[in-house]
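Taking it in order: structure first as structure tokens, then the write-up.
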Amino acid sequence: QEPLVESGGGLAQPGGSLRLSCVAKGDIFSTYTMAWFRQAPGKERESVATISSSGSSTYYANSVKGRFTISKDNAKRTVYLQMNSLKPEDTAVYYCAARQVLPYYGVNFYYTKVDEYNYWGQGTQVTVST
């Protein structure tokens with residue numbers, strides 16, 4: 001069973017919107033920092049947005065700041081990525097990731113690097129094109 005299951009990808013026109021969802025299975029969620037990464041063909045996987053376990057702290061890559069919003073619903077064990085004003089360069093496979101945060105770091109801590117995450121979803125394709 002996949003620990004993280006993404007959905008919501010698809011085709012959007014430039015300037016359009018999509019919302020990605022990621023449902024966490026098992027014990028993953030409440031004490032975990034959650035993140036969205038993306039990987040375009042021929043490029044390395046890159047961080048898009050991150051949210052702390054409390055939901056109070058967020059991080060955005062400069063390329064998506066002001067256009068994308070990460071949020072979480074603890075009751076539904078789901079993290080979202082609302083993507084507005086989409087651009088062709090946003091085309092990529094988007095991955096949800098999770099990493100448990102030790103209590104020492106607090107509930108507002110988050111990780112941002114690919115190699116810091118140990119749970120991954122299968123990915124969902126986002127294509128922005130006319």
Side-chain angles (χ1 to χ4, degrees):
Q1 185 181 22
E2 293 287 345
L4 302 169
V5 180
E6 303 103 331
S7 62
L11 176 65
Q13 292 189 342
S17 299
L18 285 173
R19 189 177 80 157
L20 305 183
S21 299
C22 172
V23 179
K25 308 294 186 180
D27 296 329
I28 296 174
F29 205 75
S30 60
T31 60
Y32 284 68
T33 180
M34 307 292 294
W36 288 96
F37 291 82
R38 67 186 181 187
Q39 188 166 18
K43 294 188 176 181
E44 293 186 352
R45 193 169 297 189
E46 63 177 4
S47 176
V48 175
T50 302
I51 190 165
S52 64
S53 61
S54 68
S56 297
S57 297
T58 56
Y59 161 85
Y60 295 95
N62 287 335
S63 58
V64 306
K65 203 172 290 184
R67 300 188 297 121
F68 290 10
T69 302
I70 189 170
S71 61
K72 61 186 302 191
D73 184 330
N74 287 334
K76 296 182 178 179
R77 304 169 60 83
T78 300
V79 62
Y80 303 98
L81 185 68
Q82 178 65 44
M83 305 185 295
N84 299 328
S85 302
L86 284 163
K87 303 176 181 180
E89 51 263 43
D90 295 319
T91 296
V93 177
Y94 283 70
Y95 296 91
C96 178
R99 163 76 185 269
Q100 189 170 28
V101 178
L102 296 176
Y104 171 84
Y105 292 108
V107 298
N108 295 321
F109 181 82
Y110 53 75
Y111 298 98
T112 60
K113 299 179 181 178
V114 172
D115 58 6
E116 291 176 322
Y117 284 82
N118 51 356
Y119 290 99
W120 292 87
Q122 80 286 355
T124 185
Q125 177 70 46
V126 170
T127 302
V128 184
S129 175
T130 55

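The shown structure was predicted, so the numbers you read here are calculated from the model rather than taken from an experiment.
Note: Asn84 CG to Thr69 OG1 = 6.5 Å, rounded to the nearest 0.5 Å. Atoms OG1 and CG, on Thr33 and Asn108 in that order, are 10.5 Å from each other to the nearest 0.5 Å. Interatomic distance, Arg99 CZ to Asp115 CG, rounded to the nearest 0.5 Å: 9.5 Å.
For the pair Arg19 and Tyr80, the cation sits on the ring face: its NZ or CZ lies under 6.0 Å from the ring centre, inside 45° of the axis. Relative to the ring axis of Tyr32, Lys72 does not place its NZ or CZ within 45° and under 6.0 Å from the centre. For the pair Arg38 and Tyr95, the cation-pi test (distance below 6.0 Å, angle within 45°) is failed.
Applying the 6.0 Å contact sphere to CD of Glu89 captures more than 12 heavy atoms from other residues, nucleotides or ligands.
Tyr105 and Phe109 have parallel rings, their planes meeting at less than 30° on a 0 to 90° scale where 60° marks the start of perpendicular. Ring geometry, Tyr111 versus Tyr117: the interplanar angle exceeds 60°, so the pair is classed perpendicular (tilted spans 30 to 60°).
The shortest distance between side-chain heavy atoms of Gln100 and Leu102 does not fall below 4.5 Å. In this structure, the side chains of Met83 and Val128 stay at 4.5 Å or more apart for every pair of heavy atoms. Counting only heavy atoms from C-beta outward, the side chains of Met34 and Leu4 approach each other to under 4.5 Å.
Ser54 and Ser52 share a donor-acceptor pair across their side chains, judged by distance under 3.5 Å alone.
Ring-centre distance between Trp36 and Phe68: not below the 6.0 Å cut-off.
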